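Remarks on the structure that follows.
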Amino acid sequence: EVQLVESGGGLVQVGGSLRLSCVASGFTLEDYDIGWFRQGPGKEREGVSWISSADGRLDYANSVKGRATISSDDGANTVYLELASLTPEDTAVYYCAAREHFWGYTYNPFKYEFDYWGRGTQVTVSS
């Protein structure tokens, strides 16, 4: 059974940082692209960052570029998202999601549907 479990959210002050974790089970990371998404209050869901362990490619949304770092620990089957210089605009429920990797192709996973989703972890940034 494929499962994704997020953790690491909480209440953070403006300017602070945090690290979110996404522990995957039921599959190995190298066969899947992992994306981090978020949905703030009254906002549409936004793709924040993705990583493909198969080829090491990754990318970030413009809203977090320069202050976010995504990484994976294939041995622990865990993907991390570190966010720094947090602002109230970063307040959201953060989800990780997985989709099977398209071997042999270079593509942006955010342009495709993700098949498996975690339940999310709340991040609240207070001033």
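Note: hydrogens, waters and symmetry copies are ignored here, and every other heavy atom, side chains too, is used. Not measured: the values here are computed from a predicted model.
- The shortest distance between side-chain heavy atoms of D33 and Y107 falls below 4.5 Å.
- No side-chain heavy atom of D90 sits under 4.5 Å from any side-chain heavy atom of V12.
- The environment of K65 atom NZ is dense: over 12 non-hydrogen atoms of other residues, nucleotides or ligands sit within 6.0 angstrom.
- At distances below 3.5 Å, at least one donor-acceptor pair connects side-chain atoms of E6 with backbone N or O atoms of C96.
- The backbone N or O of D115 lies less than 3.5 Å from no partner atom in the side chain of R99, so there is not a single donor-acceptor pair.
- Looking only at distances, a side-chain donor or acceptor of Y60 sits under 3.5 Å from a matching main-chain atom of I70.
- The side chain to side chain contact (heavy atoms under 4.5 Å, CB included) test with P109 is passed by exactly one of F102, W50, Y32: W50.
- Each of L86, L11, L81, V125 was scored for a side chain to side chain contact (heavy atoms under 4.5 Å, CB included) with L18, with one residue passing: L86.
- Listed for the R57 side chain is no donor-acceptor partner under 3.5 Å among the backbone atoms of N108.
- With a 4.5 Å cut-off on side-chain heavy atoms, S49 and L58 do not count as touching.
- No side-chain heavy atom of E100 sits under 4.5 Å from any side-chain heavy atom of F27.
- Using modelled atom types, one side-chain atom of N77 and one backbone atom of A24 make a donor-acceptor pair closer than 3.5 Å.
- Under the 30°/60° scheme for interplanar angles, the aromatic rings of F37 and W117 are found to be tilted.
- Ion pair R38/E46 flagged as a salt bridge, since at least one NZ, NE, NH1 or NH2 atom sits closer than 4.0 Å to an Asp/Glu carboxylate oxygen.
- In the displayed structure, E89 atom CD is contacted under 6.0 Å by at most 12 heavy atoms of other residues, nucleotides or ligands.
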